[in-house]
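Convention: sequence-line order gives letters A, B, ...; per-chain numbering from 1.
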Amino acid sequence: MPRQRRKGSDGERGREGRRVGRRERHARLLHQRHLHQRRRAVRAVQGGGGPRAQGQGLRCSCMRMSKSFVPTLKENPADATVASHQLLVRAGFMRQLAAGIYSILPLGQRAIHEITRVVREEMDGIGGQEFYLPALNPREVWEESGRWTVMGENMFRFKDRKGADMCLAMTHEEIFTVLARAEVRSYRQLPQTWYQIQTKFRDEPRPKSGLLRVRQFTMKDSYSFDVDKGGLDKSFEAHRLAYARIFQRCGLATVQVEAHSGAMGGSGSIEFMVMTDAGEDLIASCKNCGYAANTEKAESKVETPNRFAPPGASPDPEEFATPGVVTIEALAQKPYGVPAEQQLKTLVYVGDDKPLVAIVRGDDQLNEAKLQTASGASILRPAHPEEIQKWMGAKPGSLGGLGVKTARVFLDNRLAGLSGLVTGANKDGFHLRNVSVPRDLAHATPADLRTAAAGEGCPRCGSPLEVGKALEVGHIFKLGTRYSESMGARILDESGKEVPIVMGSYGIGIERILAGAVELHHDGDGIQWPMSIAPLHLALLPLQIQDAPVRETAERLYQQMREEGIEALLDDRDERAGVKFKDADLIGLPLRVAIGKKGLAEGKVEWKPRESKEVELVPIGEVVEKARQAVLSGGGRLWR
RNA sequence: CGGGGCGUAGCGCAGCCUGGUAGCGCGCCUGCCUUGGGCGCAGGAGGUCGGAGGUUCGAAUCCUCUCGCCCCGACCA
């Protein structure tokens, strides 16, 4: 088929020199192509129209099962425990290479393309400009921000042949800041929003759950650069709204929660969470007022009556022997009978190489993220037993905060004002009773240290909080001047004063969207892709491939769909109907059209959306249009 | 990093305790048959038993070391 140039129309005019905007030109091109393909479609229907070489000038890409690499499995892979991992492997979307490292197969890659398309559209929509930065970084930049140390073991590091320290980037604050400081001089050049979609490397101590926690993954990361805090607030809000649209368009219901900022630093952050048991985070939320926070940060209202306080003045602390008792539980038992809520739990940590003591009520859980926030430490870890012995003079199990001078002591807020409590004596085998917080622990810094639990009061409205498991798919941070100060990215403001650029950083885990969508959308038979991110729109199943009318009808529909921009997966394998149905359900394309002898006798084919139970008989001549409508109304896109 | 489990054919597993011929199901190849929800029959190919060392006449099996993977606890898109 000869490809004709259309003369004298749009293309020519562009050459005449009239400035045509890129966008406009692109739209025109699409229109031209559309007309062209329409004509072909008409010809195809009118006759001839047999199978054609794939891709001839068409941008819509379809697939023939017989020629595609889609290795489906009947049985679940042994190591997969969560649905998304099992199904993505079984349906032929990915294979594991090593712990937390996956090869993405053609179907998986197509779905990822759809996701990144949505992400790009929304990022461009808020004025983001796409970059592509190096994943391979020299030590020096990370040294400048201080994160060469902070990132610790989580960063992949090695030496190049000259012996220089290198690393694989976990995120790109540093590199973008280097660009900004080198080129951005004036407030007039701001605000800027820069982003990329790029591979990130993190040497996770424990990769797990398929794509949910891996060591190499794709992240959309963006960075905003503003003159002041007000500008940052605007950039942050723009991202927040864009993220909400991205996840919604990808078929993910998300909740936005207040979050701990961790190694990123900064003043505030919001996480976007998909509620699923496959997730690893715990979030507390209030149905009544909408409060939602990661339990790393969530607060709660709890009643803490001073019920162990002795009448009158509190007697002095008194040592008593507790041989072999090293747990809260044991001290609550028989001979002692000290309820856990009367005890103080004393834990020793090391924050930036200095000892820290944290005290919470015996039945509460210390929240390390909160201790990190309270202490301002950038690296926090539990102390080793030898360190504890050295600083406290006793082993874990007999520790207490009284008289501690070797370490900063932090005390959970709920303990304020209580007395008549029991704690370790910092002497193995002994505890202290009659401990009064105001008198004996006055040297401790009060802080919110305990982990909020389900049923406790919402910090805003007091209604009972719910706690559920969630998967983090996005995280937005107000970095402020954390990086611009340490790395010297300064500009002149309106008054001619040199000020650090105010930054924000915003991340989305691309594969987590993929896996999260599967967690949310599947059934016992397989995946149920949302139209917007489905690898293809429709499965076309000729049920008896040896039957010429069946085969030819399928081929014709395949061709027509392709020309209409509907992405079809034609299962042209010589397999039994059952095999095709099973694979189609497993792969989970949103639409299915089955062509069988029976229906064909009446001039009909079978229509079935993946999530529907019923099959609908549709006249052959109507099915392409029906599919077109379904793709569009489902949030999909024709013509790529 | 602490605790637990598992490495045997492409995939899922048995065999190991009590040392002596490496097996089953699925998948794959050939033929016949069947043809609307992972058909049936017959034949066939395919394995350094994760690796190294040791004990033994003999090791998938017992011992030591090591590597890898999964799960549970401490870290993050």
### Task
Taking the side chain as every heavy atom from C-beta outward, state whether Met219(A) and Arg202(A) have any atom pair closer than 4.5 Å.
yes
When all nucleic acid strands are considered with a 4.0 Å heavy-atom cut-off, which category describes [X]: base, sugar-phosphate, or nothing?
{"X": "Glu368(A)", "answer": "sugar-phosphate"}
{"X": "Arg95(A)", "answer": "nothing"}
{"X": "Lys200(A)", "answer": "nothing"}
{"X": "Gly152(A)", "answer": "nothing"}
{"X": "Ala98(A)", "answer": "sugar-phosphate"}
{"X": "Ile508(A)", "answer": "sugar-phosphate"}
{"X": "Lys598(A)", "answer": "base"}
{"X": "Ser209(A)", "answer": "sugar-phosphate"}
{"X": "Val473(A)", "answer": "sugar-phosphate"}
{"X": "Lys580(A)", "answer": "nothing"}
{"X": "Arg206(A)", "answer": "base"}
{"X": "Arg592(A)", "answer": "base"}

### Query
Of Glu153(A), Glu387(A), Glu368(A), which meets salt bridge (charged side-chain N to carboxylate O under 4.0 Å, His left out) against Arg381(A)?
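Single pass found, and it is Glu387(A).
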### Query
Do we see Phe581(A) stacking on the base of G36(B), given a limit of 5.5 Å between centres and 30° between planes?
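The ring of Phe581(A) is not stacked on G36(B).
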Nucleotide nearest [X] (side chain, heavy atoms from C-beta), chosen from [options]:
{"X": "Pro382(A)", "options": "A74(B), C72(B), G38(B)", "answer": "A74(B)"}
{"X": "Arg512(A)", "options": "C69(B), C76(B), G36(B)", "answer": "C76(B)"}
{"X": "Glu204(A)", "options": "A77(B), G37(B), C39(B)", "answer": "A77(B)"}

Could you measure between the two [atom1] atoms, the one in [N] and the one in [M], and give it in whole Å?
{"N": "G47(B)", "M": "C70(B)", "atom1": "C1'", "result": "23 Å"}
{"N": "C62(B)", "M": "C17(B)", "atom1": "P", "result": "5 Å"}
{"N": "A52(B)", "M": "G44(B)", "atom1": "C1'", "result": "36 Å"}

Counting only non-hydrogen atoms, which of [range] are less than 4.0 Å from RNA chain B?
{"range": "residues 271-279 of chain A", "result": "none"}
{"range": "residues 74-88 of chain A", "result": "Lys74(A), Glu75(A), Asn76(A), Ala78(A), Asp79(A), Thr81(A)"}
{"range": "residues 348-362 of chain A", "result": "none"}
{"range": "residues 545-552 of chain A", "result": "Gln546(A)"}

### Query
Given the side-chain rings of Phe272(A) and His239(A), with only the six-membered ring counted for Trp, is the space between their centroids under 6.0 Å?
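No, the ring centres sit 6.0 Å or more apart.
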### Query
Can the ring centroids of Trp194(A) and Tyr223(A) be said to lie less than 6.0 angstrom from one another?
no
### Sequence neighbours excluded - side-chain hydrogen bond (donor to acceptor under 3.5 Å, both in side chains) pairs with any residue from residues 352-362 of chain A
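Found Asp352(A)-Ser378(A), Arg361(A)-Asp363(A).
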Pair [X] + [Y], salt bridge at N-O below 4.0 Å:
{"X": "Glu555(A)", "Y": "Arg551(A)", "answer": "no"}
{"X": "Arg213(A)", "Y": "Glu204(A)", "answer": "yes"}
{"X": "Arg120(A)", "Y": "Glu130(A)", "answer": "yes"}
{"X": "Arg157(A)", "Y": "Asp203(A)", "answer": "no"}
{"X": "Asp221(A)", "Y": "Lys200(A)", "answer": "yes"}
{"X": "Arg249(A)", "Y": "Glu122(A)", "answer": "yes"}

Using both distances under 3.5 Å as the test, list the Watson-Crick or G-U wobble partner of [N], or none.
{"N": "G31(B)", "result": "C41(B)"}
{"N": "C11(B)", "result": "G25(B)"}
{"N": "U64(B)", "result": "A52(B)"}
{"N": "G73(B)", "result": "C1(B)"}

If I compare all heavy atoms of [X] with all of [Y], which pair ends up nearest, and what's the gap?
{"X": "Ala99(A)", "Y": "Arg215(A)", "value": "O-NE, 2.9 Å"}
{"X": "His172(A)", "Y": "Pro134(A)", "value": "NE2-O, 2.8 Å"}
{"X": "Gln196(A)", "Y": "Phe131(A)", "value": "CB-O, 3.2 Å"}
{"X": "Arg147(A)", "Y": "Met155(A)", "value": "O-CE, 4.3 Å"}

Residue [X] excluded, over 12 heavy atoms near [atom1] under 6.0 Å:
{"X": "Lys626(A)", "atom1": "NZ", "result": "yes"}
{"X": "Gln365(A)", "atom1": "CD", "result": "no"}
{"X": "Glu614(A)", "atom1": "CD", "result": "no"}

### Query
Closest nucleotide of RNA chain B for Arg576(A) versus for Arg215(A): which of these residues is on the 5' side?
Arg576(A)
### Task
Would you give a per-nucleotide map of nucleotides 43-51 of chain B, 5' to 3', where B means the base has a protein non-hydrogen atom under 4.0 Å away, S means only the sugar-phosphate does, and - means neither?
---------
### Cation-pi, Phe236(A) ring and Lys478(A) (6.0 angstrom, 45 degrees)
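Yes, Lys478(A) sits over the ring of Phe236(A).
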### Query
Looking only at N and O atoms, is any donor in the side chain of Arg213(A) or the base of C75(B) less than 3.5 Å from an acceptor on the other one?
yes
### Message
Strictly below 4.0 Å: does Gln96(A) bring a side-chain N or O up to OP1 or OP2 of C70(B)?
### Response
yes
